[in-house]
Amino acid sequence: MHWSDVIAQRLAERGNDHIIATGITPSGEFHIGHLREILTGDMIARAARRAGLNAELVFVVDNADPLRKVYPFLDSSYEEFIGHQLGAIPAPNEDGEPDWNRYEREGWSYGDHFLEPFLMALKQIGVEPRLIPNLTSYREGKFADAAKKACDDPDAIREIIERVSGRELPADWFPWQPIDSKGSLDGLTITGYEYPLVMWTDQYGAKGQSDITKGEGKLPWRLDWPAKWGFNNITCEPFGKDHGAAGGSFATGVEIAAFFGHEPPQSLVYEWISLRGKGAMSSSTGNTVGPIEALRLVPPEILRLLIANSKPNKAIEFDTGMGLVNLADEYERLSSRDFAEELSNDTLSRRQRVQIEDAQAALRLSMVSAGEQAEATSVSFRHLALLAQIKPDDDGIWSSLIESGAISEPTSALSDRLMRMRAWTGSKHFPEEMRIEILSEPDETSLSQLDEEQRKVIHHIATELDAAEWTAEGITLAFKNAATHAEAPMRSMYRACYAMFMGSERGPRLAPILANCVREEVCGLAKSCAAQLS
RNA sequence: GGGCCUGUAGCUCAGUCAGGUAGAGCGUCGGACUUUUAAUCCGAUGGUCGCGGGUUCGAACCCCGUCAGGCCCGCCA
């Protein structure tokens, strides 16, 4: 059974109505690691609906969390905002400086700034969750009940956290973090509590009181999370392994939720995504591939497949090079399979059946809109990568695909894919081994590996090319003539060609590529090769 | 110190929850197509399931131990 269906089944045992939550702190640029969070939630929601349940996906934007430090992409003037809530400080402009103008004019906050592009990417990828800005929840008093329970009995909370996490809390710890005289959550001392007010003194010596029903502060993370489960009626939440460890925030959250008086959600711990060869993704170190950037290169369904096809507890190494090619080809293979047909075979072992069903589920979850049928484009990613490099204009690609019978007309899905393919081939992510390049100098190593017959034909190729009409047809004819005159089979002729022009043993069809190259250069190369061998 | 995850073919991984003679894709090699848009098709190749023990008629799977890698126990998806 696919992992999403396993969770859906567990949800079905709990009841019929479900709210699946995801949550991210908008502290910096979002990356594809965050995509795993939200796609995991989306896939659970789809699986739950498929199982006949009511399911809604929500995205809690943790913009009540404080700015932790001045990240490299921020101007040093952000120093004054450390400890301030992300939804209550201005967004950085292009130079990383606070954009006060926009903040005062339209309330455009730091959190909004990083959230916006992520939401656009989500839309492209077929995920449109209900947004719950956490700061708003605080200001609307949604946390009031939980905050009251915690402040009324801090020792009970302290006991849970200390026992479950095994860490000792400071003596002056209090389950509410007020906002100080300058707007920061850091460095305060709690001096008293009388519902609904928490009395404090800040690091500047100022005194004040914080109303826990009006969001004049926030709950510490370990309480914030279980409190949200309650008033948002969360029944299921996938989260990263950082929260999932023993003694981690989920473990304490389960007990704190019980203390607040509600059930913890069905959990699902997922592994992180790392960038191949570069370690874990992290907004603060800038080691990221943004969802927008990823979508510029890869169609959304393929990005979805990456998540759907990996079990949550499996770490994913995102590889923008050959890994992407393999993933895309995998998608093509899946979409051309007839699962119903495969499953109708009743000699299948249990294992084989499960494998087919999981592949079917993964493909289904990869669709941008749920319920959409996967359509094989009948043009592999590899093939398109080739064409995109050879043919500078799209029309040339369509006509050659039509000619070869691969397609009957260019569909919008295909031209969309081609657009991304061109972005990819032009980017630094495009793998060298996929890059087609005609040599400018003879490659001695390749030439030296040719046998007698293959060498002999090179002279003829040079001569024939010189006289050829410079079109794909003309060049093909020249090749044939060369083989005939050298009395060599076409096989040897091609082998020689690849050694000459590409320094390889095999390759894509040469004539159309050469036709797009400068004639003098190609002929010059052929002559140098011939000269070198004689 | 406590805990979690991972370790299966050259590579990426299924298979472990319900024990029943090791799977897929890619790669590699060979062949076909009077040479191909790295195509396609056919065939072959390939694994002491990290290691050691135990339970069992039978273990990749369950139990105990052990090694290696990653991670968590302040914040991070």
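Chain identifiers are assigned alphabetically (A, B, ...) following the order of the sequence lines, protein sequences preceding nucleic acid strands; residue numbering begins at 1 within each chain. Being a predicted model, the structure only gives us computed values, none of them experimental.
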Against the side chain of A:Tyr270, the closest entry in B:G74, B:A77, B:G25 is B:A77
Subject >> P-based separation of B:G50 from B:C61 [nearest Å] >> reply: 8 Å
Indicate, with a heavy-atom threshold strictly under 4.0 Å, whether A:Phe250 touches base, sugar-phosphate, or nothing.
-> nothing
Rounded to whole Å, the NZ-C1' distance (A:Lys241 to B:G70) equals 6 Å
With the side chain defined as heavy atoms from C-beta on, A:Met502 is closest, among B:C76, B:C75, B:A38, to B:A38
Exercise. Going by distance alone, is a donor N or O of one side chain under 3.5 Å from an acceptor N or O of the other, for A:Asn63 and A:Tyr138?
Worked result: no
Out of B:C73, B:G25, B:U37, minimum distance to the side chain of A:Glu330 belongs to B:G25
If pairing means Watson-Crick or G-U wobble with both distances under 3.5 Å, then the partner of B:G1 is B:C73
Taking A:Trp225 for its side chain and A:Pro220 for its backbone only, find out whether a donor-acceptor pair lies under 3.5 Å.
no
Here the distance between atom P of B:A77 and atom NE2 of A:His31, to the nearest Å, is 7 Å
In whole angstroms, the gap separating P of B:A39 from OH of A:Tyr494 amounts to 15 Å
To the nearest angstrom, the CD-C1' distance between A:Gln389 and B:U37 comes to 12 Å
- Query: So, is A:Thr22 close to the B:A77 phosphate, meaning a side-chain N or O under 4.0 Å from OP1 or OP2?
  - Reply: no
Heavy-atom nearest nucleotide on RNA chain B taken for A:Trp221 and for A:Ile316; more 5' hit belongs to A:Ile316
- Query: Distance between the P atoms of B:G27 and B:C67, in whole angstroms?
  - Reply: 39 Å
d(A:Leu510 CG, A:Phe501 CZ) to nearest 0.5 Å is 7.0 Å
As its Watson-Crick or G-U partner within any shown strand, both distances under 3.5 Å, B:A44 has B:U28
note: A:Trp272, atom CH2; B:C72, atom C1'; distance rounded to Å ~ 9 Å
Under 3.5 Å side-chain donor-acceptor pair for A:His2 and A:Gln360:
no
- Interatomic distance at P, B:G47 relative to B:A24, whole Å: 14 Å
**Request:** Please state the P separation for the pair B:G15 and B:G58 - nearest whole angstrom.
**Result:** 26 Å
Across every strand shown, the nucleotide meeting Watson-Crick or G-U wobble geometry with B:U66 (both distances under 3.5 Å) is B:G50
Contact under 4.0 Å: A:Asn313 side-chain N or O vs B:U6 OP1/OP2:
yes
Per nearest nucleotide of RNA chain B, the residue lying toward the 5' end, A:Ile397 or A:Lys311, is A:Lys311
Suppose you measure atom C1' in B:C49 against the same atom in B:A68; what distance do you get, rounded to whole Å?
16 Å
Against the side chain of A:Glu271, the closest entry in B:U36, B:C5, B:A77 is B:C5
### Query
Within less than 4.0 Å of OP1 or OP2 of B:C71, is there a side-chain N or O belonging to A:Lys314?
no
Quiz item: Between A:Arg222 and A:Ser249, is any side-chain donor less than 3.5 angstrom from a side-chain acceptor?
Solution: no
Open item on the list: Using atom C1' in both nucleotides, what's the gap between B:C4 and B:C42 to the nearest angstrom?
Closed with: 47 Å
message: Do the side chains of A:Glu271 and A:Lys241 get close enough for a salt bridge, i.e. N-O under 4.0 angstrom?
response: yes
- request: Answer with yes or no whether the side chains of A:Asn134 and A:Asp65 bring together a donor and an acceptor at under 3.5 Å.
  value: no
Testing B:U37, B:C26, B:C76 for proximity to the side chain of A:Leu386, the answer is B:U37
Here the distance between atom P of B:C76 and atom NE2 of A:His34, to the nearest Å, is 10 Å
In whole angstroms, the gap separating C1' of B:C76 from CZ of A:Arg68 amounts to 9 Å
Answer for the Watson-Crick or wobble partner of B:U55, both distances under 3.5 Å, is none
To the nearest angstrom, the CH2-P distance between A:Trp173 and B:G74 comes to 13 Å
_Measuring only the P atom in each nucleotide, how far is B:C62 from B:U6? A whole number of Å is fine._
11 Å
- Item | Nearest-angstrom distance, P atom, B:G23 to B:G30 | 26 Å
